[in-house]
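Step one of this worksheet: look at the structure below.
Everything numeric here is computed off the predicted structure, so don't read it as measured data.
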Amino acid sequence: MKEDLQLLLQRALQSLEGSLLGQPVDPHWITLERTRDPAHGDFASNIAMRLAKGAGKPPCVLAEAIIAALPTSPFLTRAEVAGAGFINFFLAKDLYAREVARVHDEGAGYGRGRPPPPRKVLLEFVSANPTGPMHVGHGRQAAFGDALGNLLAAAGDQVSREYYINDAGRQTEILAVSVWLRYLEVCGETLQFPENGYRGDYLRPVAQSLHAREGTTLRHAATIVFADLPTDAPAGDKDKYIDAVIARCRALIGETAWQRLLQTSIAAMLDEIRNDLDGYGVHFDNWVSERAFTDSGAIDRALQRLRERDLLYVKDGATWFKATQFGDDEDRVVVRENGVKTYFASDIAYHLDKRERDFDVLIDVLGADHHGYVTRVRGGLRAFGHPGDCLEAPLIQLVALFRNGVKMSMGKREANFVTLRQLREEVGNDACRIFYLMRSNDQSLDFDLELAKSKTNENPVFYIQYAHARVASVMKELAGRGFAYDGAQARQIMLAQGATLLAGAQAEAMLAALSRYPEVILQAAAQRAPHALVNYLRELATTLHAFYNAERILVADDALRSARLYALLAVQQVLRNGLAILGASAPESM
RNA sequence: GCGCCCGUAGCUCAGUUGGAUAGAGCAUCAGGCUUCGAACCUGAGGGUCGGGAGUUCGAAUCUCUCCGGGCGCGCCA
C-alpha cells in the first residue's frame, strides 16, 4: 500500500527535477509516514521541507508544486499542504478493502517482503557453554534470536541459524572434573567441593550414569585426590585450586579416561540444552563444534594468514594480534605463553569462516556483558579485509526474575539458579517468549513471574491471543445462529462495497492498523527489533477489541455480516502471522 | 579512570533515516454485559522527556557537558 503511494510521489519529484528543484532527488530521501491523526489523512510526507533548503524555495511552494505534479490515481483522493509544509495524502477507502482481500489471498505469506536479491544472513545466538542447563538469561537470547530470524526471513532475507558449541577450553575441563567429583560422591567418598566447580545438582544424574557405566574404575580415595593441593577460596586462589584438581584427576584416571569423561560430560550438557531449545520451539540449522573446528586446523590457518599480513607479534612469550590497528583499546593475545590458543583466536577463525561461507551479514546475539568483545572480533574480520560493519552484535541486557516483588538471585556456579525449563514450566512457552520480547533488547528486563501468569491487560500475551480466539469464537457462533459464511462471496462483497460497509471510526482504525503490517515487518527487521512487532500486535488487537465492542458482527444483513467477518478473519490472519514470528501460538480458544 | 547501555506520566515501558497537540498498559476516578467470549470496551485526570548548552524552520531523537543507575575493561569463555 505504501509502495504504491511512494511511487506516485517519486514520479512527481522526477518531473520537477529539471525546473523547480534543480537537481535529482535520491528516492531514498523520500520519506512517507503513516499519520497519527486521521485528520491528517492516511500518509504524510515532509519531503518539501527537506528539499526546501537545497532548492532555495519555501516548503509550502514546493509542496504545492509537488501536489500539482502528482500523477492522477484512482486510489489517491486528494493531497494537501498542511502545517509547516507537510503533504497529507488521503487514500480512497477502496484501497483498504483491497488490502483486506490481499490478506486473505496471501494468508500466512501476507507481510513477507520480497527484496531482490536476498541477503544471506548468518544468525548466531544462544551458543551457551555446554557446562550446565540454560538459564533465564539464555531464554531471552533464544527468544530474541529466534524471533529476529523469523523477522528477517519475513522481510526477505535468507537466514541461517547457528549455534557455536564451546566444547573446547578450560570451562569444559572444569565441567568434567565437577562431574568426576560428583561421581566420587556416588561411589561413597565424602569431599569438599571446589569453589570454582560447577556445584549445581544437575551434575548428579550425570555422575550417576557415569557410575552405572564405568562402575568404580574411576574411583580414587578422596584423601589421595585432595592431597597436597593449593588452598581453595576464600583463603586461596580458586582458579589455581581448580586447575590443580583437574591436573590431579587427569593423573589419577589417565588421559584416555579423562578424554572420555570430558566427552560424556559435554554430551550430557549438550543434550540437555538441545532438549530445552526443542521444547522452547527454537531450532538451529547448524551446530558448530569449536573442538571440531579447532581440529580441522582452521585456527592455525587463520593465524598463519595474520602472520603473513604482519598482524601478529610475540611478547612475553605470548602471541598477540595487533587489534589496536583496528580500533581496539589494546592488542589481544591469541596464543598464550603456555602454547594454548585463546578463545579469541578461535573466534577470529570462526568469524572468518562465516564470511568465507558467503554470508553477507553476520549477526551475533550476545549477552550485554560481552559488549567489550565486539570491537575485537570486528577487528579480526577487518584484518582479513572484510568490512567491520558486516558484523552486527545486538546485545541482550540482563534478566532479573521477581517473585512476589522479590528479586531472585542467580549465578551459574551456584547450586540453585532458575533454569529456563523451570520458567517455561511455570509460565508457559507463549508468555515466556512474549515477555522476553516485549522490551527492547537493550533494556534490562524485570521478569515478574506472577505477572506473566496473570490474566490482566498488563499481560500482552493474553490480550493478543484473546483477540485471535475471539474471532474463532465468532465463527463458531455463526452456525449456531443459522448463518453461513462463504469466503469467496465475502471477498466479492468486500471489493465491491467494503468501503461503505466498513465505514465508522472503529472499522477504519482496524483496517488502517491491518494494512500497516507489511511496513511493521520491514521496519522491525531493519531495526532488529522484535519488540516493535509485539507492540504492533497489541495495537492491532486493541483495534479489533474496539471494533468488536462497537459493532455487532453476526447481524441479519448478509452483506454487512460477510464484510465484517471477512475483515475480522483478515485481522486474525495477521495476528497469527505475527505471533508465529514471535514464536508464540495463536489459540482458537483459551 | 576508559568503553557500552539506560534515565520519558505514581509504576512498567513505547516513541531509531530529526516533524504536526510526546503515547500505551497498570494504578486512580467515572461509566458500559437479558443478544456474537466483560481475559473486553468508553471516558477523565496525570509530563521541567534526568539537568544545562549547542546545531535548525523544527530536538525525547543529533552534538557537547554534567548528574544518576546497570554492565564490562584477563595469557577466562
**Q.** From A:Arg439 atom CZ to A:His531 atom NE2, the distance as rounded to the nearest 0.5 Å
**A.** 10.0 Å

Q. Is a donor-acceptor pair below 3.5 Å formed from side chain A:His370 to base B:G72, judging by atom type as modelled?
A. no

Q | Check: A:Asp167 side chain, B:A77 base, donor-acceptor under 3.5 Å | A | no

Between the protein and nucleotides 21-23 of chain B, are there any N/O to N/O pairs under 3.5 Å, and if so, what are the atom names and distances?
none

**Q.** Check: A:Phe447 ring centre within less than 6.0 Å of A:Phe435 ring centre
**A.** yes

Within the structure shown, what part of the strands sits under 4.0 Å from [X] by heavy-atom distance: base, sugar-phosphate, or nothing?
| X | result |
| --- | --- |
| A:Ala529 | nothing |
| A:Tyr373 | base |
| A:Gln397 | sugar-phosphate |
| A:Leu478 | nothing |
| A:Asn88 | base |

Complement of [N], any strand, by Watson-Crick or G-U distances under 3.5 angstrom:
| N | result |
| --- | --- |
| B:A30 | B:U42 |
| B:U56 | none |
| B:C76 | none |
| B:C36 | none |
| B:A24 | B:U12 |
| B:C4 | B:G70 |

Q. Under the 3.5 angstrom rule, does the side chain of A:Asp430 hit a backbone N or O of A:Ser585 as a donor-acceptor pair?
A. yes

Q) Backbone N or O of A:Leu148 within a donor-acceptor pair of the A:Arg528 side chain at under 3.5 Å? A) no

Q) Mapping A:Leu554 and A:Lys315 to their closest nucleotides on RNA chain B, which lands nearer the 5' end? A) A:Leu554

Q) Which nucleotide in the list B:A39, B:U16, B:A38 gets nearest to the side chain of A:Gln523? A) B:U16

Q. Among B:C36, B:G3, B:A24, which nucleotide sits nearest the side chain of A:Arg481?
A. B:C36

Q.
Stacking between A:Phe86 and B:G19, defined as ring centres under 5.5 angstrom apart with planes under 30°, is that present or not?
A. no

Q. In a check of side-chain hydrogen bond (donor to acceptor under 3.5 Å, both in side chains) between A:Ser289 and each of A:Asn166, A:Asp167, A:Asp295, which one passes?
A. A:Asp167

Q) To the nearest angstrom, how far is A:His468 atom NE2 from B:A39 atom P? A) 18 Å

**Q.** Mutual orientation of the aromatic rings belonging to A:Phe293 and A:Tyr350 [parallel < 30°, tilted 30-60°, perpendicular > 60°]
**A.** perpendicular

Q: Could you walk me through whether A:Asp347 and A:Arg332 pass salt bridge (charged side-chain N to carboxylate O under 4.0 Å, His left out), step by step?
A: CA-CA 12 Å; A:Asp347 239 3; A:Arg332 306 290 175 176; over 6 Å; no

